[in-house]
Each structure stands twice: as structure tokens, then as C-alpha cells.
Amino acid sequence: MITDEIIEALFSLQDEKYRDFQSKLIPTVKSEAVIGVRTPKLRKLAKQMVKREDIGDFLTELPHTYFDENQLHAFIVSERKDFQRCIEEVCRFLPFVDNWATCDQMSPDIFKKHRGELLGYIKKWIESDRTYTVRFAVGMLMEHYLGEDFEVEYLEMAAAIRSEEYYINMMTAWYFATALAKQYEKTLPWIEEKKLDDWTHNKTIQKAVESRRITAEQKVYLKSLKVPVSKEKGK
């Protein structure tokens, strides 16, 4: 079975010190589910495994037992060169993603060439009741639609999110902070008019102020738009 082969390979690449360090960064994953394989080695293994004719057996055997299997899965999917095959595998895998690292590291290059088709999937994902499906949707908006394909309606999609989930709200803040850096004039009204929930609003400003792409003058103004802490929702 290819899954058994993969698990054996992952344990052969184990770094116990890295495992202990990594476990602290992904609190939604049980520590015993973390093998501790460094990202460069996972990426290298993914490039090898994506060529296997039987890799589909691993990709469909869900859920995986180990965090590192999920990481490898994300990297294998990201290697796909055919958009339709890639998007099908992403859709199948997303419901099983249970942590921010796997969510954020799944980033297929093929998406860059199919932004028009990808957008329809993002609109579905962003309406999901699954934390990391929504986070992935916002991440894709940030990665692919803040440049030449930017539209104000994408800001509306992200601003409409209302969640008590930290990992959704943090990604939304990251998205708006990046939007301020890349599309400042068009994004600023969303901050001035306080269209985000208070926590995400303030976190957006914090992350924008930390950015080197925001001017000193802009940072001063953004700081003046922060919502008083006493009005924030508990997170």
C-alpha cells in the first residue's frame, strides 16, 4: 500500500527536535500526530510522489493519520499541472484540512493561469461552514486577486465574513492588510467605514502598520482608525 510506504518514508525523515517545536505552532493538531519532517524534505518527497501512478490511492485515503501526511498531500496537490484535476483534488481534500499550516501551504501554481475559473470555487468555499475551507478561500483571494485582476467586489466578499474562529479572522485581517499595501485607495474606505468586525478591523491595522509597503504617513492615519479595545469582541 502506498500509504504505508509514505508513512515509512516520513518517519525516516523525522527530526524529533523539529517535531517538538512544530507541535507548539499547530494547537489544533494533537502532538502525537506530528512526525516532524521539515518542509524542504516534504516538498522534495512530494515532487517524487506526484509522478507515481498509484498516488491517487494516497490522495483518496482520507482522513490521514498524521499531520505530515496532510502536509505532503497539500504539496502533492500543489504540484498538479492540470487545473481540472488539481481543483478536484483540492475540493476533495479541503474538508479534511484541520490546521492553518496545511491550509496556507497548499498553493497550486496552476491557479495563476486559471483565475477566472478559480473564482467560482472561491465563492463557494468562502460560504463554507468549515474553518479552513473559508481560510483557504480568503488566502486564494489574497494571493491571486490583489493585482491586475483586482475588483472591489472581492473586498466585499471578505468583509462579509462573520466568524468567531480565530484562524478565519486572522486570515481576513491578513487579506485586508495586504489589500491596503497593494490597493490602498480602494481598500481604505473599508477601514474608514469600519466594515469589518472590531477584532479583525484592529488586527488589519496592526498588520498593515507592520508592513514595509505602507508609508509612514499612511501608518499614522491607519492608527487613528483603530477601534477602542473596550468595544472589541472577545476572541
Side-chain angles (χ1 to χ4, degrees), residues 39 42-43 46-47 49-51 55-56 58-60 62-64 69-163 165 167-184 186-187 190 195-196 200 204 207 211 213:
T39 298
L42 283 170
R43 290 186 184 278
K47 289 181 181 295
M49 287 295 171
V50 74
K51 300 174 184 178
I55 193 59
F58 170 72
L59 297 178
T60 55
L62 296 164
H64 297 306
E69 287 182 272
N70 283 324
Q71 291 288 86
L72 181 66
H73 191 136
F75 291 138
I76 290 172
V77 170
S78 297
E79 288 287 326
R80 291 300 193 197
K81 306 303 181 184
D82 178 84
F83 175 76
Q84 195 56 45
R85 185 173 186 181
C86 181
I87 201 71
E88 288 173 1
E89 291 179 350
V90 168
C91 289
R92 181 170 58 233
F93 183 47
L94 275 176
F96 298 94
V97 174
D98 61 359
N99 68 91
W100 67 266
T102 301
C103 177
D104 294 2
Q105 290 186 321
M106 185 163 57
S107 180
D109 285 340
I110 193 65
F111 283 1
K112 298 175 184 177
K113 299 179 180 180
H114 295 268
R115 292 192 180 102
E117 297 161 85
L118 176 63
L119 188 59
Y121 290 94
I122 290 176
K123 290 179 178 179
K124 293 179 182 178
W125 294 333
I126 212 166
E127 297 291 337
S128 172
D129 59 357
R130 296 180 181 273
T131 297
Y132 298 100
T133 299
V134 178
R135 182 181 172 97
F136 184 73
V138 179
M140 290 299 97
L141 278 180
M142 179 172 67
E143 183 173 349
H144 296 294
Y145 301 92
L146 286 177
E148 59 185 19
D149 292 322
F150 173 79
E151 297 289 346
V152 171
E153 70 175 274
Y154 306 150
L155 296 175
E156 295 175 357
M157 288 167 56
I161 296 172
R162 286 296 180 272
S163 173
E165 292 288 343
Y167 289 104
I168 290 178
N169 293 335
M170 182 59 81
M171 177 57 81
T172 303
W174 187 7
Y175 167 77
F176 273 95
T178 306
L180 283 168
K182 293 187 173 183
Q183 302 284 349
Y184 183 80
K186 294 180 180 178
T187 305
W190 298 84
K195 294 186 177 182
L196 307 176
T200 306
T204 294
K207 295 179 76 67
S211 173
R213 294 178 291 181

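Below, all heavy atoms of this structure are taken into account, side chains as well, without hydrogens, waters or symmetry copies. These numbers come from a predicted model, not from an experiment. Note that the numbering runs from 1 along the sequence shown for the chain.
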#### Entry: side chain to side chain contact (heavy atoms under 4.5 Å, CB included) partners of Thr131, counting only residues at least two apart
Glu165, Tyr167, Ile168

#### Entry: Atom of Pro95, atom of Thr133 and distance for their closest heavy-atom approach
N-OG1, 4.5 Å

### Task
State, to 0.1 Å, how close Glu143 and Ser107 come at their nearest heavy-atom pair, and which atoms those are.
OE2-OG, 2.6 Å

### Message
Filter on salt bridge (Lys or Arg N to Asp or Glu O under 4.0 Å), then keep only pairs touching residues 92-107, sequence neighbours left out; what's left?
### Response
Asp104-Arg135

### Message
Is any side-chain heavy atom of Asp109 closer than 4.5 Å to one of Ser78?
### Response
no

### Message
Evaluate Leu72 against His64 for side chain to side chain contact (heavy atoms under 4.5 Å, CB included), listing each step before the verdict.
### Response
CA-CA 10 Å; Leu72 181 66; His64 297 306; over 6 Å; no

### Task
I would like to know whether Lys195 and Glu156 meet side chain to side chain contact (heavy atoms under 4.5 Å, CB included); could you show each step before the answer?
CA-CA 9 Å; Lys195 294 186 177 182; Glu156 295 175 357; over 6 Å; no

### Task
Measure across Gln71 and Ala101 and return the closest heavy-atom pair with its distance rounded to 0.1 Å.
OE1-C, 3.6 Å

### Close side-chain approach of Val90 to Tyr121, heavy-atom, < 4.5 Å
no

### Task
Name all pairs fulfilling the salt bridge (Lys or Arg N to Asp or Glu O under 4.0 Å) condition that reach into residues 70-79, sequence neighbours left out, sorted by first residue then second.
Lys47-Glu79

### Query
So do the side chains of Leu62 and Phe93 get within less than 4.5 Å of each other, counting heavy atoms only?
yes

### Query
Hey, does the side chain of Tyr145 reach the backbone of Arg115 with a donor-acceptor pair shorter than 3.5 angstrom?
yes

### Summary
side chain to side chain contact (heavy atoms under 4.5 Å, CB included) test vs Leu141 passes for just one of Ile126, Thr178, Leu155, Leu118, namely Ile126

### Query
How close do Ser163 and Asn169 get, heavy atom to heavy atom, and via which atoms?
O-ND2, 3.0 Å

### Message
Minimum heavy-atom separation for Phe150 and Leu146, please, with both atom names.
### Response
CD1-CD2, 3.8 Å

### Message
side chain to side chain contact (heavy atoms under 4.5 Å, CB included) for Phe75 and Val50? Distances and angles first, verdict last.
### Response
CA-CA 9 Å; Phe75 291 138; Val50 74; over 6 Å; no

### Trp174, CH2: over 12 other non-hydrogen atoms inside 6.0 angstrom
no

### Message
Please evaluate residues Arg85 and Glu89 with respect to the criterion salt bridge (charged side-chain N to carboxylate O under 4.0 Å, His left out), reporting the C-alpha separation (whole Å), side-chain torsions for both, the decisive distance (0.1 Å), and the verdict.
### Response
CA-CA 6 Å; Arg85 185 173 186 181; Glu89 291 179 350; 3.6 Å; yes

### Task
Tell me, with the steps shown, if Glu69 and His73 meet side chain to side chain contact (heavy atoms under 4.5 Å, CB included).
CA-CA 6 Å; Glu69 287 182 272; His73 191 136; over 6 Å; no

### Message
Please report the interatomic distance CH2(Trp100) to CD(Gln105), rounded to the nearest 0.5 Å.
### Response
7.0 Å

#### Entry: Side chains of Ile87 and His114 in contact at under 4.5 Å (non-hydrogen atoms)
no

### Task
Verify, without hydrogens or angle tests, whether Thr200 (side chain) and Ala173 (backbone) share a donor-acceptor contact under 3.5 angstrom.
no

